Amino acid sequence: EKQGFKHFMLKEIHEQPGVVRASLEAYFNPGESTESPINLGLPADLYTDLEQIQIVACGTSWHAALIGKYLLEQLAGISTQVHYASEYRYAPSPVTANTLIIGVTQSGETADTLAALTMEKERRQGKEAKYQARLLGITNRPESSLGHLVPHIISTLAGIEIGVAATKTFTAQLMAFYALALDLAARRQTVSKDILEKIINGLRQIPKEIEATLETQERLTEQLAHEFAETQDFIFVGRGINFPIALEGALKLKEISYIHAEGYPAGEMKHGPIALLDAKVPVVAIAIPGSVYEKVISNAQEAKARDSRLIGVTPVNDGEAAEIFNDLLPVSHVEELLSPILTVVPLQLLAYHIAARRGLDVDQPRNLAKSVTVE
Ligand code: M6R
């Protein structure tokens with residue numbers, strides 16, 4: 001069933017263009033609506049007069065939620081907070097009847113996420129109107145416990161994921177958040193029709209851009225893995241919509257290769273972590289032209305001045321970037337807003353090839369399970 005791939009994780013990384021295609025087909029059609037080009041099958045009253053969104057999730061799903069926050073705030077103008085489910089369940093935020101609470105879990109079985117949502121459901125049963133928040137789940141398994149717990153679900157379309165490291169389910173969650181944020185933006189008219197159309201057309205190009213990225217990155221990441229297989233620490237930096245991708249790149253590396261890795265918003269390095277840097281600590285910087293490109297490049301320069309080897313996830317043909325970085329993991333030129341779906345791919349491959357090179361059990365890393373059903 002690995003279809004010629006050495007591990008499920010690698011197969012699942014390569015399935016991502018198909019996951020994006022399936023999501024585009026399922027979500028991005030207007031159905032009966034004249035208000036929005038997106039159809040998530042959710043009742044209109046879930047959206048009415050929304051004032052704030054609270055998202056609860058763990059691990060990679062929490063990273064997808066951070067990108068969701070960026071999209072919901074920047075496109076739909078709705079104030080959004082993202083919580084670790086394990087924290088929220090003991091310290092919930094104040095909610096109102098105009099709050100939407102979203103639980104994100106690919107398995108639909110993560111104990112902390114289910115507990116946070118159960119707690120919210122119980123708060124709702126108290127008669128006080130102020131606790132009547134609305135509940136929505138985003139999951140790859142609508143038949144799971146989450147599916148029974150919440151009244152509304154967006155099903156992500158990754159198909160079964162076997163590797164413990166989440167890859168294609170993350171991409172599928174991102175697609176769900178693009179659809180939700182754009183649907184809200186269309187209905188609330190926070191984004192013009194032209195811009196909406198431009199973003200959706202951009203999304204339609206993503207599958208072939210991932211294919212191109214996969215093709216060039218296989219060899220490059222394998223080569224880098226060769227050099228970095230014995231490295232002890234890695235730092236990943238990004239800003240804006242790519243900051244969560246820095247966190248995700250670091251999580252992928254630690255969970256399957258057991259190498260210490262940390263993700264930071266690049267601008268935060270000078271507030272402490274920069275003291276860690278020297279020639280033994282490589283820095284992976286995600287630098288995509290747009291609102292924070294120059295800032296990321298200048299943060300990368302600061303790291304280089306501390307002798308760190310710099311690896312850039314950045315578009316091809318960018319002269320400036322090519323000069324600064326010691327190694328390049330090039331991605332295509334895409335809108336900054338859409339870039340996380342592409343920038344995550346080389347980081348998944350880098351983690352995969354480093355772990356494979358170290359001879360580790362990539363699909364079943366030590367101490368981890370596919371679903372974390374205990375608190
Ligand atoms: O099934 P979930 O999305 O709720 O799982 C959450 C985390 O346990 C999961 O994302 C974990 O961090 C992955 N192993 C990351 O690759």
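Worth saying up front: this structure is predicted, and the values here are computed from it rather than measured. Numbering of ligands and ligand atoms starts at 1, following listing order.
Within a 6.0 Å sphere centred on CD of Glu218, other residues, nucleotides and ligands contribute more than 12 heavy atoms. The local environment of NZ in Lys270 is crowded, with over 12 non-hydrogen atoms from other residues, nucleotides or ligands closer than 6.0 Å.
Heavy atoms of Ser371 stay at 4.0 angstrom or farther from ligand 1. Contact analysis puts Lys252 in contact with ligand 1, with a non-hydrogen atom separation below 4.0 angstrom. The shell of residues lying under 4.0 angstrom from ligand 1, judged by heavy atoms, includes Val164.
Between Tyr352 and His7, the angle of the ring planes goes over 60°, which puts this pair in the perpendicular group of the 30/60° scheme.
Residues Phe228 and Phe234 bring their aromatic ring centres within 6.0 Å. In summary, the aromatic rings of His63 and Phe170 are positioned with their centroids too far apart to meet the 6.0 Å limit.
Residues Thr167 and Lys252 have side chains that never bring a donor and an acceptor to within less than 3.5 angstrom of each other. No donor-acceptor contact under 3.5 angstrom links the side chains of Gln106 and Thr156, judged on distance only.
In this structure, the protein non-hydrogen atom closest to atom 3 (O) of ligand 1 is Ser61 OG, 2.6 Å. The shortest contact between atom 5 (O) of ligand 1 and any protein heavy atom is with Thr110 OG1, 3.5 Å. Shortest contact from atom 14 (N) of ligand 1 to any protein heavy atom: Glu255 OE1, 2.9 Å. Scanning the protein for heavy atoms near atom 8 (O) of ligand 1, the closest one is Val372 CG2, 3.9 Å. In terms of protein heavy-atom proximity, atom 6 (C) of ligand 1 is closest to Cys58 O, 3.3 Å. Here the heavy atom of the protein found nearest to atom 10 (O) of ligand 1 is Thr60 N, 3.0 Å.
Polar contact check, Lys370 against ligand 1: no nitrogen or oxygen pair lies under 3.5 Å apart. Not a single N or O atom of Gln173, backbone or side chain, sits closer than 3.5 Å to an N or O atom of ligand 1. Checking only distances, Val104 never comes within under 3.5 Å of ligand 1, N or O to N or O.
Partners of Arg309 under the salt bridge (charged side-chain N to carboxylate O under 4.0 Å, His left out) rule, at least two apart in sequence or in another chain, are Glu227, Asp327.
Under the ring pair (Phe, Tyr, Trp, His ring centres under 6.0 Å) criterion, no residue pair touches residues 356-375, with sequence neighbours excluded.
When each atom of ligand 1 is checked for a heavy atom of Ala165 under 4.0 Å away, the hits are 16 (O). Within ligand 1, the atoms closer than 4.0 Å to a non-hydrogen atom of Ser107 are 1 (O), 2 (P), numbered from 1 in the order shown.
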